[in-house]
Amino acid sequence: QTRSNPIQLKDEGNERFQAGELDKAIECYTKAIKLCKDKKVLAVIYRNRSACFLKKESYTNAASDASKAIDVDATDVKALFRRSQALEKLGKLDMAFKDVQRCSTIEPKNKTFLETLRRLGAEIQAKLKTTFSTDSRVQNMFDILLDEEMDKDKKEKAANNLVVLAREDAGAERIFQNNGVPLLLDMLETGKVEMVLAAIRTFAGMCTGHKARTMAIIHLVGIDKLCSIMAVDNEDIALATSDLFQCINDSLTGGDRRTYGKEEALVLDASKDLKSILLALLEMVASKKVSGHGRDQALNLLCRNVPRKDKKDHDHSKSLFTIDHGLKKILKVCGQIPDLPDQLPMTENTQLIASVLLDKLWDDLRCDPERDHYREVCKFDPNDMDRNIHAINALSGLLQGPFEVGNQLVGRQGIMEMMVALCGSEREVDQMVAVEALIHSSTKMSRASFIITNGVSLLKDIYKKTKNEKIKIRALVGLCKLGSAGGDDYSMRQFAEGSTEKLAKQCRKWLCNSAMDTKTRKWAIEGLAYLTQDADVKDDFVEDEPAMKAMFELAKSKDKTILYAVACTLVNCTNSYEKKEIMPELIQLAKFSKQHVPEQHPKDKKDFIQKRVKRLLKGGVISALTVMVKADNLLLTDQTKEMLARVFLALADDAKDRGTICAHGGGKALIPLALEGSAIGKIRASHALAKIAAVSNPEIAFPGERIYEVVRPLVSLLHPERDGVQNYEALLSLTNLAGLNDKLRVKILKEKALPEIEQYMFEDHDHIRQAATECMCNLVTCKEVQDRYLEDGNDRLKLLVLMCAEDDEKLQRAAAGALAMLTAAQKKLCTKMTLVTLQWLEILQRLILHDQPQIQHRGLVIVYNILNSDDNELAKKLIESEILEILTVIGKAMDNPKRQLVIDVARTCLVKAMDLGLIKPFTTPS
């Protein structure tokens, strides 16, 4: 029945409150409030509901309900005290203090009120003190920073303190309230690098996670001002400003930690600001006033924030807006030719980042009309010769980004003819641009017969005639690319025997020529990336130490456009690409029907690969890889990361080399590859981590906190879909980690590894089963694992007891070790162990008679644990069996250092049995 009487509802609410059913109580009180006409009763109901809200930590509601009760009766002590508790939690200490003051005036002897008054008084004093101290501190820092005469050290210290203060919300608010923005603007005006950096970083702290403050700062500083700072030719400033823009973007798009009321949300509509920022960044992309570093950061910000993070999200309006207002500008960047005068300032990486952005925008489109529009914007008129060279270069940019868009343009009327014309031009820069475009357009997908037929002859022609090394090398790469279509198939060599090696030799020579510009030497690596598909070339390359080292040095340079080619070359040299297994029957069939059969090169056999790996390690490949992994994440694509992971796995194949890999920081470098990237890449990197962690000291391989990051990738290899080798090596490495400390054991359990490890203890494969049992043995000290063994309705404990009887000594040792630790930690398991299988006594006897002291010792510890388990019946049963005789024989033996542990435990067991009164003390015969 529903109660319709407010008094009854109030009483029911009280009952529910007593029973701890807060939501039900609130429901009753709320119904009662709607029905109640009596003011005094109403006040009581509000006061009671306020108590519910207090308990639920809903402090605003608690305060408002208590106020309604106080409105009826200003001396309602309960309501006053409740309101003060709520106000205190809401941080309104002075108001809370006033309420308690009124309480103690009404009831002067109440100890709780006096105590609360004293506490709140002290808190208010402390708060006032810090408020004033931060105020004066903020002022003080700015005074130091803006004082021309102040010495450098003091200024640096003040700048750092300011940045640190801005990272905490209270500090950021203080800076903001104390005229901080105009003072930070003064710091920007000084134009001194460290001042500008400190100001920008302080702004970033103030904008993090606070939408209202962020919007105020944008309006006070101005988006144009921020862009002009990012445009400065200083890498650190450009990067810091880019971080600031990212903080602003995150706060405005909902990366905000506050909750706002309806009115505030209306005032804080950030869409206009976000649009202004997007337009300002697009303006920067093609502006001459912007430095190369500034342009890189503008493109980076667009790459990160314009395309959707998640394709399930339907709103891609930012991409459409960017295509309408900025696609032409991005193409302009791709069309720049650094060798010509009057070009936009760029870094080595600018054009590749622009290509990545073109690709991300194309990927974000959702329907054909949108794609058609994108293609329309990219089209250009083939008859305008002066602008042609830039158009062809922009085409190269498209081919490195959204390939299908570029590919369609290459096929358009007049474009190929234009490339041919440029190849024959007198100006070397024309030839260079045309050759690069030819190279980019001839990939596996479009190796159109046109390019093969015309491209090869064009390129050979240029290669022979040109005196300019820069063009020669590019023509050569084009030939390599067109010639390497057969992959690593020995019988499909497109060039005459030996010419591949000749081309490679030329590439290596250019690579070692440090007088040449990096861009040209980079093309030499591009050439090797294709040529090293041939095994003779791989062998020559790793034998040529200067060339190998030159490549590693270039891989560490600021030019990150090299990463992909270096990764390709290393994948080829270590043969770590995907290999298709071919069934022997199919080969016979193919030969019979005169079909082409791929052949393996003799130098692609295992011993040659191993030799190459050793040469690469000796040449310093690991230090190059560790630098490559740290590259700006946009140019380190998932594909490149996957290749680097494959290379690492190939390098870690021989256990003897894993120490070298760790010594050069390889362990640390693998972690980011195992945590982000393509699915295959993450598995390969995790497997390499497992190989390293299985045989080396993990604390040295992964120093400091890094070791905890290794756990997740290792656990991912326990997945049933991973192969047996991966499962086995992951179990070995987890065993290694679990043996180190409690924090690691907890992390392993947190990553949900336990069910998988248990699963592998039931595996048929001996090695895997043994590795899983050893891993479990290292985890049983954890309470969570012991609880699983205490649960009923499973065979965990039975399996462990039966494993103690296995013939495999390693397995036996691990199982007995786990059982010894479990029975020591949980006395109940001693009894349970004797109930899971009838053979327990026989198994125990086998353990304590074992000729391996380690296994025997573990068995004796289990016997001791049973005697010590408070289960007297069980202890009696044990001593009445043959175990007593065995214990006596072992315990009476002479001391022997090799078996001392065993002898001591046996003696301890006998003493325990005496204490329990199960055997009489030894009497020496007179």
Side-chain angles (χ1 to χ4, degrees), residues 1-131 170 258-265:
Q1 79 200 21
T2 53
R3 304 183 178 188
S4 51
N5 176 343
I7 306 284
Q8 280 179 324
L9 278 164
K10 180 189 77 146
D11 294 342
E12 188 188 342
N14 295 353
E15 284 164 23
R16 298 280 183 169
F17 181 74
Q18 295 302 338
E21 300 171 11
L22 297 176
D23 290 330
K24 293 263 171 65
I26 290 173
E27 213 177 293
C28 294
Y29 293 140
T30 310
K31 283 183 189 161
I33 287 168
K34 283 181 187 156
L35 297 168
C36 185
K37 302 282 182 285
D38 181 339
K39 258 191 173 177
K40 282 196 171 161
V41 178
L42 196 57
V44 174
I45 301 172
Y46 271 122
R47 187 177 74 195
N48 292 1
R49 192 171 72 170
S50 162
C52 296
F53 283 131
L54 255 185
K55 275 222 159 130
K56 277 185 66 95
E57 297 181 10
S58 171
Y59 301 120
T60 318
N61 289 334
S64 119
D65 272 4
S67 299
K68 285 176 185 149
I70 296 163
D71 290 343
V72 176
D73 174 5
T75 60
D76 184 340
V77 177
K78 279 188 181 173
L80 280 166
F81 191 60
R82 267 172 211 162
R83 187 167 72 179
S84 89
Q85 288 173 292
L87 289 167
E88 182 189 343
K89 290 289 188 198
L90 290 167
K92 299 177 178 169
L93 297 183
D94 40 353
M95 291 163 75
F97 186 79
K98 279 183 193 151
D99 277 348
V100 184
Q101 238 172 352
R102 281 162 74 184
C103 290
S104 63
T105 320
I106 300 163
E107 292 184 15
K109 288 192 176 146
N110 186 320
K111 282 207 176 126
T112 314
F113 297 160
L114 292 171
E115 186 45 51
T116 313
L117 260 184
R118 219 181 7 258
R119 185 171 55 78
L120 285 174
E123 278 179 29
I124 290 170
Q125 283 310 108
K127 194 170 177 186
L128 283 171
K129 210 167 164 185
T130 55
T131 311
R258 267 146 236 289
T259 45
Y260 293 105
K262 279 187 186 149
E263 303 80 24
E264 282 179 285

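Quick caveat: nothing in here was measured; it's all calculated off a predicted structure.
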Point to revise | Residues in ring pair (Phe, Tyr, Trp, His ring centres under 6.0 Å) contact with Phe97, at least two apart in sequence or another chain | key: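 Applying ring pair (Phe, Tyr, Trp, His ring centres under 6.0 Å) to Phe97 gives none.
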Review point. Who are the side chain to side chain donor-acceptor pair (under 3.5 Å) partners of Glu115, not counting sequence neighbours?
Key: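 Glu115 satisfies side chain to side chain donor-acceptor pair (under 3.5 Å) with Arg118 only.
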**Study point:** Arg47 and its salt bridge (Lys or Arg N to Asp or Glu O under 4.0 Å) partner, picked from Asp65, Asp71, Asp76
**Key:**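 The passing option is Asp76.
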Point to revise | Asp23 bridged to Lys56 by N-O distance under 4.0 Å | key: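 Judged by the 4.0 Å cut-off on N to carboxylate O distance, Asp23 and Lys56 do form a salt bridge.
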Check your understanding: Could Glu12 and Lys31 be called an ion pair, given the rule that one side-chain N must be under 4.0 Å from one carboxylate O?
Key ->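 Looking at Glu12 and Lys31, the cut-off is not met.
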Check your understanding: With Tyr29, which of Leu9, Val44, Asn14 fulfils side-chain contact (heavy atoms from CB on, under 4.5 Å)?
Key ->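 For Tyr29, the side-chain contact (heavy atoms from CB on, under 4.5 Å) test succeeds with only one of Leu9, Val44, Asn14, which is Asn14.
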Check your understanding: Pro6 pairs by side-chain contact (heavy atoms from CB on, under 4.5 Å) with which of Leu35, Asp38, Ile33?
Key ->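 Output: one option passes, namely Leu35.
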Shortest non-hydrogen contact from [X] to [Y]?
X	Y	value
Val77	Phe113	CG1-CZ, 3.2 Å
Arg83	Ser67	NH1-OG, 3.1 Å
Ala43	Val72	CB-CB, 3.8 Å

If you round to the nearest 0.5 Å, how far is [atom2] of [Y] from [atom1] of [X]?
X	Y	atom1	atom2	result
Arg16	Cys52	CZ	SG	12.0 Å
Leu87	Lys89	CG	NZ	12.5 Å
Ser84	Arg102	OG	CZ	11.0 Å
Glu107	Leu114	CD	CG	10.5 Å
Thr116	Lys111	OG1	NZ	13.5 Å

Point to revise | Intermediate values then yes/no, side-chain contact (heavy atoms from CB on, under 4.5 Å), Ile45 and Cys36 | key: CA-CA 9 Å; Ile45 301 172; Cys36 185; 4.3 Å; yes
Taking the side chain as everything from C-beta on, heavy atoms only, tell me whether [X] gets closer than 4.5 Å to [Y].
X	Y	answer
Ile106	Leu80	yes
Phe53	Arg82	no
Glu88	Glu123	yes

Listing, residues 57-64 side-chain donor-acceptor contacts under 3.5 Å, not counting sequence neighbours, or none:
| unit_1 | atom_1 | unit_2 | atom_2 | d |
| --- | --- | --- | --- | --- |
| Ser58 | OG | Asn61 | ND2 | 3.0 |

